[in-house]
J.: 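Handing you a structure now.
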Number of protein chains: 2
Amino acid sequence: MSVLKRYERGEEIYAQGSKGGRLPKVCSGAAIIYALLEDGRRQIVDLAGPGDFLHFEFDGELDHAAEALCGTEIVEVSGDSAFSDPDLCALLVEQMRMRLAQERRHVTMLGRKTAQERLADFLDEVARCLGCPPGYIDLPMTRQQVADYTGLTLETVSRIFSRWSREGRLRKIGPTSYARGDHPLPIAA
Amino acid sequence: MSVLKRYERGEEIYAQGSKGGRLPKVCSGAAIIYALLEDGRRQIVDLAGPGDFLHFEFDGELDHAAEALCGTEIVEVSGDSAFSDPDLCALLVEQMRMRLAQERRHVTMLGRKTAQERLADFLDEVARCLGCPPGYIDLPMTRQQVADYTGLTLETVSRIFSRWSREGRLRKIGPTSYARGDHPLPIAA
DNA sequence: CGAACGATTGACGAAACTCAAGTAGTGTGG
DNA sequence: CCACACTACTTGAGTTTCGTCAATCGTTCG
């Protein structure tokens with residue numbers, strides 16, 4: 001049995017501290033997964049696009065929250081028979097491996113890269129995750145959300161995007177869309 | 001069929017770019033998992049203690065390397081029958097969920113915490129991962145390795161540990177062991 | 001129109017990095 | 001046992017990058 005739900009931009013899909021249960025998977029749209037510290041600092045730990053699971057917690061408490069970036073359909077997969085169904089099991093392991101690899105790239109980015117490198121990596125990640133055509137990036141995120149993904153402040157994000165625009169590396173072509181310019185982004189992964 | 005191998009301190013367990021295959025699991029000792037950038041910057045993405053798998057790649061290329069922190073025994077688990085064996089499958093999913101949760105905490109630490117908070121979190125993580133008794137920490141890592149885990153420089157790590165010693169928060173009680181002092185570490189998770 | 005929200009830009013400050021020098025430890029060979 | 005080499009660690013001075021605070025601008029929507 002699976003349940004399909006729709007969330008609008010900014011809507012919370014589940015809260016930090018809520019219980020697991022059925023596994024939510026993105027059908028269409030996009031979501032961010034984030035952790036909140038007690039003092040309000042926020043870190044976005046992952047981006048999820050179509051086909052991505054948001055978590056894998058059957059029965060524990062969730063240590064992070066999820067929120068829709070745009071109109072997003074979520075299907076909830078029952079995990080009851082997971083381990084006796086080889087196909088489902090293989091799917092889960094494959095999905096988890098991809099999330100794990102992405103988190104490890106994220107750790108490397110945050111631990112060892114400069115602000116510019118982080119943003120270049122971030123744009124690549126968004127394009128990959130949301131399936132944008134090469135050279136174009138649909139970015140349905142505020143500067144604050146970009147900052148919370150890259151571990152920067154919104155001012156730093158804004159400054160670097162502005163600089164890249166001036167230098168012809170990035171062009172705004174719509175409210176949420178950008179095109180890569182003639183000059184390459186510095187040191188993109 | 002499983003193979004048991006032993007590695008000494010500093011020995012490479014596998015290299016970045018090598019092939020997956022059987023899944024390596026720590027039996028005793030401890031290992032670090034890290035990524036290298038082309039220009040030599042290094043980020044340690046995970047710590048593995050007894051019971052932890054190092055990766056879950058049956059047949060892809062590994063995007064990270066692993067190295068023993070001390071004398072360490074590794075058993076390699078064959079994944080051939082993984083998906084048809086419900087028990088093994090459940091074990092894998094459980095293990096991957098724990099690694100994933102840890103990476104997400106690591107991302108939050110690197111993206112949104114100060115140097116002091118990172119080191120406090122790091123010490124907790126080491127204690128948990130290597131199973132140290134409460135209040136004591138066995139730290140078989142150089143300052144450079146600590147820096148590569150926390151996204152800092154070795155000088156910053158050294159300065160903060162020195163300060164904590166002066167302030168009675170941390171005491172060195174052996175070549176690789178420390179005790180928490182009377183004063184708590186600032187803002188440990 | 002005007003309120004609300006997001007984005008941009010500037011001036012300034014602080015946390016952490018870089019470079020450099022010097023100090024333990026640890027192991028080795030005489 | 002001592003001299004040495006080697007590595008890890010500590011500490012200081014100066015610099016850089018990025019964060020903070022604040023003002024302004026642009027858009028959207030009621």
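A note on names: the letters A, B, ... follow the listed sequences, proteins ahead of strands, and every chain is numbered from 1.
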J.: Give a yes or no on whether B/Val75 and B/Leu88 share a hydrophobic cluster (residues Ile, Leu, Val, Met, Phe, Trp, Tyr; joining criterion: side-chain heavy atoms under 4.5 Å apart).
T.: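 No: no chain of side-chain contacts under 4.5 Å links B/Val75 to B/Leu88.
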
J.: If you compare every side-chain N and O of A/Thr156 against the phosphate oxygens of D/dG19 (OP1, OP2), does one of them come in below 4.0 Å?
T.: yes

J.: Send over the distance from A/Leu170 CG to C/dA7 C1', rounded to a whole Å.
T.: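 Going from A/Leu170 (CG) to C/dA7 (C1'), I get 15 Å.
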
J.: Under 4.0 Å between a side-chain N/O of A/Thr114 and OP1 or OP2 of D/dT17, yes or no?
T.: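 Negative; the distance criterion is not met.
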
J.: How many Å lie between CD1 on B/Ile160 and P on D/dG12, as a whole number?
T.: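 The answer, rounded to whole Å, is 15 Å.
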
J.: Take the protein atom CG of B/Leu110 and the nucleotide atom P of D/dC18, then report the distance between them rounded to whole Å.
T.: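 Value for this atom pair: 15 Å.
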
J.: Any side-chain N or O of B/Thr153 below 4.0 angstrom from OP1/OP2 of C/dA16?
T.: no

J.: Could you tell me whether A/Ser158 contacts a base, only the sugar-phosphate backbone, or nothing, with contacts defined as non-hydrogen atoms closer than 4.0 Å?
T.: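 Answer is base: heavy atoms of A/Ser158 come under 4.0 Å of a base.
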
J.: Would you mind telling me which of A/Tyr14, A/Tyr34, A/Phe56 makes a ring-ring contact (aromatic ring centres under 6.0 Å, His included) with A/His64?
T.: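 Output: one option passes, namely A/Tyr14.
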
J.: Would you indicate whether B/Asp39, at its atom CG, is surrounded by more than 12 heavy atoms from other residues, nucleotides or ligands within a distance under 6.0 Å?
T.: yes

J.: C/dT9, OP1 or OP2 - any side-chain N/O from A/Ser162 closer than 4.0 Å?
T.: yes

J.: Please report the distance, rounded to the nearest Å, between CG in A/Asp148 and C1' in D/dC18.
T.: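 Interatomic distance, CG of A/Asp148 to C1' of D/dC18: 16 Å.
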
J.: Give the nucleotide from the list D/dC21, D/dA13, C/dA7 with an atom nearest to the side chain of B/Arg159.
T.: D/dA13

J.: Specify the separation, in whole Å, of atom CG of B/Leu119 and atom P of C/dA15.
T.: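 Nearest whole value for this atom pair: 15 Å.
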
J.: Contact class for B/Thr142 (heavy atom, under 4.0 Å): base, sugar-phosphate, or nothing?
T.: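 Since only primed, P, OP1 and OP2 atoms lie under 4.0 Å of B/Thr142, the category is sugar-phosphate.
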
J.: Taking the side chain as C-beta and beyond, is there a heavy-atom pair between A/Ile33 and A/Ile44 under 4.5 Å?
T.: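 Answer no - side chains too far apart.
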
J.: Both A/Glu155 and A/Arg112 contact DNA chain C. Which one's nearest nucleotide lies toward the 5' end?
T.: A/Glu155

J.: Which residue lies toward the 5' end of DNA chain D, A/Val157 or A/Pro175, if each is placed at its nearest nucleotide?
T.: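 Checking each residue's closest nucleotide, the 5'-ward one belongs to A/Val157.
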
J.: Is there a path of hydrophobic side-chain contacts, each under 4.5 Å between heavy atoms, that joins B/Leu47 and B/Leu154?
T.: no

J.: Which is true for B/Leu154 with a 4.0 Å heavy-atom rule: it touches a base, it touches only sugar-phosphate, or it touches nothing?
T.: base

J.: For A/Arg143 and C/dA7, what is the distance between atoms CZ and P respectively, to the nearest whole Å?
T.: 5 Å

J.: Between atom CZ in A/Arg163 and atom C1' in C/dG10, what is the gap in whole Å?
T.: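 Rounding to the nearest Å, CZ of A/Arg163 and C1' of C/dG10 are 15 Å apart.
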
J.: Distance check needed: D/dC9 P versus B/Met141 CE, whole Å only.
T.: 11 Å

